[in-house]
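This report concerns only the one structure given below.
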Amino acid sequence: MQEIENMAGQAQEQMETYYPHGEIEVKWQKHWETRKTDKVVEDDTKPKYYVLEMFPYPSGPLHMGHVRVYSIGDALARFFRMKGCNVLHPMGYDAFGLPAENAAIKHDTMPDEWTQRCIGIMKGQQKRLGLSYDWDREVWTCREDYYRWNQFIFLEFHKRGLVERRTSAVNWCDKCQTVLANEQVVNGNCWRHEDTPVRIKQMPQWYLKITDYAEELLSSLDTLTDWPEGVKAQQRNWIGRSEGAMVNFKLVDRETGEAGEDFPIFTTRPDTLWGVTYMVMAPEHPKVMELVEGTEQEETVKQFVDRICLEDRHLRTAEDREKEGMFTGRYAINPLTGGKIPIYIANFVLMEYGTGCIMSVPAHDQRDFEFAKKYDIPIKVVIQPKDEELDADQMAAAFVEIGVMVNSGPFNGVPSDKGIPKVIEYLAEKGFGSGTVQYRLRDWLISRQRYWGTPIPFVWCETCGPQPVPSDHLPVVLPRNVKFGEGNPLATDAEWLKCVCPKCGKPARRETDTMDTFFDSSWYFLRYCDAQNDKLPFAKAAADYWMDVDQYIGGIEHAILHLLYARFFTKALRDCGLTSASEPFQRLLAQGMVTNKAVDPKDGKEKWLKMSKSLHNGVDPQEIIEKYGADTARMYILFASPPTKELPWNDDSIEGRYRFLNRIWRYFHMRKEAILQGMELVEKRFKMTYDEAAEGDRVLLRQTHATIQRITHDLAERQQFNTAISAIDELLNAVGKYKERDDDASAAAVYTAMRTILLTLAPFAPHLAEELWEMLGNTESIFQEAWPEYDEQWLTVETITIVAQHNGKVRARIEVPADADQETIQQLAVEHEAIHRSLEGRAPKKVIVVPGKLVNVVG
RNA sequence: GCCGGAGUGGCGGAAUGGCAGACGCGAUGGACUCAAAAUCCAUUAUCCAUAACGGGUGUGAGGGUUCGACUCCCUCCUCCGGCACCA
């Protein structure tokens, strides 16, 4: 019996060694929620700060990647609030999209119910993390009050000529049962199904003319000085600007043998125009069959085209793919030389770039060279290198460097790089062509043949064709009770399809395509500025107050997709007069992946790999929160590595953060009396000055003020949370080493240090900070308290340790007064026994003194 | 191939021209305890030497600039990410 009691006592004691994180966290979460402490309105008396984490797709429970991005955003939001900023920190859900539709079909429910349930789970966990959002601005993109503004914006874009419906080759995913934008094709496969090759289909689709903004999207990347280089480079790459000339070759007319129809091509090398020995068309070029009609080649060309067009698109255009082609039987005329040039078709020419036809200069382009060798096409040298004479028959590879133009009519002797603009000028003069710029960027295909998205606000009228839905008829509401089965349920919903043509009033049919969900996420940051507006997507004044987003945080996987689309939307909405912003995100932080050990299925070796379901290396945030609390989870994630780097998960290391918070808890309880006494003294204007302070107090207060300086810099400028947290560790260590005395100055010093620990801890571990702040008798939230300022006087020191080096190697440390002049330091160093020994009797040649740091004796 | 990023102890990482390894994890030894846990204290790059003081080497490799280089410049290697026949 006694033994049992004893054991129970021990258990009790053991429990008390850990602070009650669950209880504390739930208490403060309720407190913040009921008081709406994080609600904001525009306020011109404070500087604004807009911090935004990419809103999540509501897939259910959070994963560690979410916890990481929210911990970063929340630390910044809380820090800038304490710094006196008016902080906008919103949250919402990117709630339309295929996974919900597929899950709904699989689990025999409806996408809206499914989505709502997922949002419930996700939001509950976000609240449990203690994230300081203004929930009054929450958006769900699947709600009518959001997607009606998608439709509004779509129609605004339509008015400005930014919407186009056209038929062309599109990417189709069999698993998604819909088309995809170019950006959503990864290595020839669907971005959602990396094992499913996309198929190319000819279909009429809706496009947004992002290419109208290609130039601005490219050039204004240079203004984004606080974006990671890698993201900007990827966007530049994707936009793919290249300068060159459009040259009008002519087709040789079959009847007359004279120059007939135009045959334009794009080239970046107009300086090689005199060396063109053949032309090539893409096999799917619409003119191919027309050209070969009636020629000897008709049948073989047709077979070739059919074969190539059936090949996998990605494989066909891979760089290492064997180049294949054939003569069409037709010729073109080079406008500059009048020469007759054979036209080929080949697998490596792309229909979507330039005009789908190219000129080939085998002497000066490696691909053209290889093709010419294979099919025995003549090679003509028109650029000569400076130091050797090229002979077309002897060449083993194309000469692609800069040289001197030869066999080029009026341009002989001109250096080839200088020749490019000169030839372009000449082409323009003669009416043969003009200088032009081509982009790799394609227009954004935004229609999807699926249900769970924003209906495209158009109707089809037999008489009037496609008609935009008038804005006072918006929204076009997505029907809720639809039947899933074959294809898009909208297309089989007879009731929903019925409508009236807004132009002629006759019965019409609704457009059944919905919008790509990237449409939704391309402007949500603007909606947050004025989330409850029911007259407009957002009021311009509100957007002008809050925009740009000062700090955007999210995963690198959106380097092109979302980030390019959002930049495009901001510019297009600006041109529609809806906002003044030109760029959405001033500063971008691309956070690193959360990784854990897992066996790589590719080679069977154990590695640090991104947490994922398929690798079974995920750690559930819920379990971590239950075991250690949200504060520990957040601190660990910020402490373990810098935010842009990979975060290798370590169970022992998270224990370390938990110990740290427990240690703070214990210190406050152990030293409660001294701290309270110190607080009273400090509040009664008990003023400590450096000159009067005892040495021990000076050391502690120096550390305190240095900590404030460092953490402020780490958060405001460097966004280096790991070192900021380390600084709190160091300050706590200093308090641990501090020898307390039973006097006022000592109590004041301890209080000042402990108060600093609490205030600087608050952005990372807000619950614990609030709890201990309250324990000290404060009645207002710690987040109402101003961020501490450091006081220079405490950073001063009277003696400093100077490192004495001989030829750059540390030989000794010398103590000197902080204000010692250079001569004194120099003399002390030269006379120092260790330096003396190291000099071995030589006289010093030179002595360098770095004030406050070191002295280096050379010789 | 092109573009971007990174290479530092047993591990995560710190230091952006001035003492390399802050802080944390792990490890080792000690205190407390009947014992364990928790906590606290000490040590912890490496090699040589030692009773002790000390000394050599060291930030992917090689070169350079500098009194002094993890840090700047050049050449190269490895890893990660992106793009890749774009005429």
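For the numbers below, each heavy atom of this structure counts, side chains included, while hydrogens, waters and symmetry mates do not. Lettering follows sequence order; numbering is per chain, from 1. Note that the structure is a prediction, hence the values are computed from the model and not measured.
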It should be established whether [X] places a side-chain nitrogen or oxygen under 4.0 Å from OP1 or OP2 of nucleotide [N].
{"X": "A:Arg663", "N": "B:C40", "result": "yes"}
{"X": "A:Gln720", "N": "B:G13", "result": "no"}
{"X": "A:Arg440", "N": "B:A84", "result": "yes"}
{"X": "A:Arg666", "N": "B:C40", "result": "yes"}
{"X": "A:Gln234", "N": "B:A84", "result": "no"}
{"X": "A:Asn237", "N": "B:A84", "result": "no"}
{"X": "A:Ser360", "N": "B:A87", "result": "no"}

Given [options], identify the nucleotide with an atom nearest to the side chain of [X].
{"X": "A:Ser641", "options": "B:A87, B:G13, B:A22", "result": "B:G13"}
{"X": "A:Pro642", "options": "B:G13, B:C25, B:C23", "result": "B:G13"}
{"X": "A:Arg718", "options": "B:C25, B:A15, B:A87", "result": "B:A15"}
{"X": "A:Thr267", "options": "B:G24, B:A87, B:A14", "result": "B:A87"}
{"X": "A:Glu229", "options": "B:G5, B:C67, B:G12", "result": "B:G5"}
{"X": "A:Ser653", "options": "B:G24, B:G13, B:G4", "result": "B:G24"}

- For residues A:Phe371 and A:Tyr278, establish whether the separation of their ring centroids is below 6.0 Å. yes

- Message: Is the distance from the ring center of A:Tyr658 to that of A:His21 below 6.0 Å?
- Response: yes

Is [X] touching bases, backbone alone, or none of the nucleic acid, heavy atoms closer than 4.0 Å?
{"X": "A:Asn733", "answer": "sugar-phosphate"}
{"X": "A:Val847", "answer": "nothing"}
{"X": "A:Gln366", "answer": "nothing"}
{"X": "A:Arg236", "answer": "nothing"}
{"X": "A:Lys232", "answer": "nothing"}
{"X": "A:Asn856", "answer": "base"}
{"X": "A:Gly656", "answer": "sugar-phosphate"}
{"X": "A:Ser242", "answer": "sugar-phosphate"}

- Task: For B:G9, decide between syn and anti, treating a glycosidic angle within 90° of 0 as syn.
- Result: syn

What integer distance in Å separates [X]:[atom1] from [N]:[atom2]?
{"X": "A:Ile560", "N": "B:G4", "atom1": "CD1", "atom2": "C1'", "value": "12 Å"}
{"X": "A:Gln703", "N": "B:A22", "atom1": "CD", "atom2": "C1'", "value": "11 Å"}
{"X": "A:Ile239", "N": "B:A84", "atom1": "CD1", "atom2": "P", "value": "14 Å"}
{"X": "A:Met593", "N": "B:G12", "atom1": "CE", "atom2": "C1'", "value": "16 Å"}
{"X": "A:Arg367", "N": "B:G1", "atom1": "CZ", "atom2": "P", "value": "18 Å"}
{"X": "A:Leu350", "N": "B:C86", "atom1": "CG", "atom2": "P", "value": "8 Å"}
{"X": "A:Trp649", "N": "B:G24", "atom1": "CH2", "atom2": "C1'", "value": "15 Å"}
{"X": "A:Leu638", "N": "B:C25", "atom1": "CG", "atom2": "P", "value": "17 Å"}

Euclidean distance for [atom1], [N] against [M] (whole angstrom):
{"N": "B:A15", "M": "B:G63", "atom1": "C1'", "result": "25 Å"}
{"N": "B:C79", "M": "B:G30", "atom1": "C1'", "result": "43 Å"}
{"N": "B:A45", "M": "B:G12", "atom1": "C1'", "result": "16 Å"}
{"N": "B:A69", "M": "B:U57", "atom1": "P", "result": "13 Å"}
{"N": "B:A61", "M": "B:C77", "atom1": "P", "result": "15 Å"}
{"N": "B:A36", "M": "B:A51", "atom1": "C1'", "result": "38 Å"}
{"N": "B:A22", "M": "B:G29", "atom1": "P", "result": "22 Å"}
{"N": "B:C86", "M": "B:U16", "atom1": "P", "result": "43 Å"}

- Item | Evaluation steps, side chain to side chain contact (heavy atoms under 4.5 Å, CB included), between A:Leu217 and A:Ile239 | CA-CA 8 Å; A:Leu217 285 168; A:Ile239 295 167; 3.9 Å; yes

- Item | Interatomic distance, A:Ile664 atom CD1 to A:Ile728 atom CD1 [nearest 0.5 angstrom] | 6.5 Å

- Separation of A:Asp222 CG from A:Arg236 CZ (nearest 0.5 Å): 5.5 Å

- Message: Tell me every residue that passes side chain to side chain donor-acceptor pair (under 3.5 Å) with A:Thr211, counting only those two or more places apart in sequence or in another chain.
- Response: A:Asp443

- With sequence neighbours left out, the residues meeting side chain to side chain donor-acceptor pair (under 3.5 Å) with A:Arg634 are A:Asp74

- Message: What I want to check is whether the side chains of A:Thr723 and A:Arg718 have a donor and an acceptor closer together than 3.5 Å.
- Response: yes

- Want to settle it: does A:Ala233 or A:Gly736 sit nearer the 5' end of RNA chain B, counting the closest nucleotide to each? A:Ala233

- Hey, which sits more toward the 5' end of RNA chain B by its nearest nucleotide, A:Asp714 or A:Gly240? A:Asp714

- In Watson-Crick or G-U wobble terms, both distances under 3.5 Å, what is the partner of B:G7? B:C77

- Partner nucleotide of B:G58 by Watson-Crick or wobble geometry (both distances under 3.5 Å): none

- Item | Presence of donor-acceptor pair under 3.5 Å, side chain of A:Asp729 and base of B:C23 | no

- Query: What about A:Arg659: does its side chain form a donor-acceptor pair under 3.5 Å with the base of B:A38?
  - Reply: no

- Message: Please check this pair: side chain of A:Asp631 against backbone of A:Leu768, looking for a donor-acceptor N/O pair closer than 3.5 Å.
- Response: yes

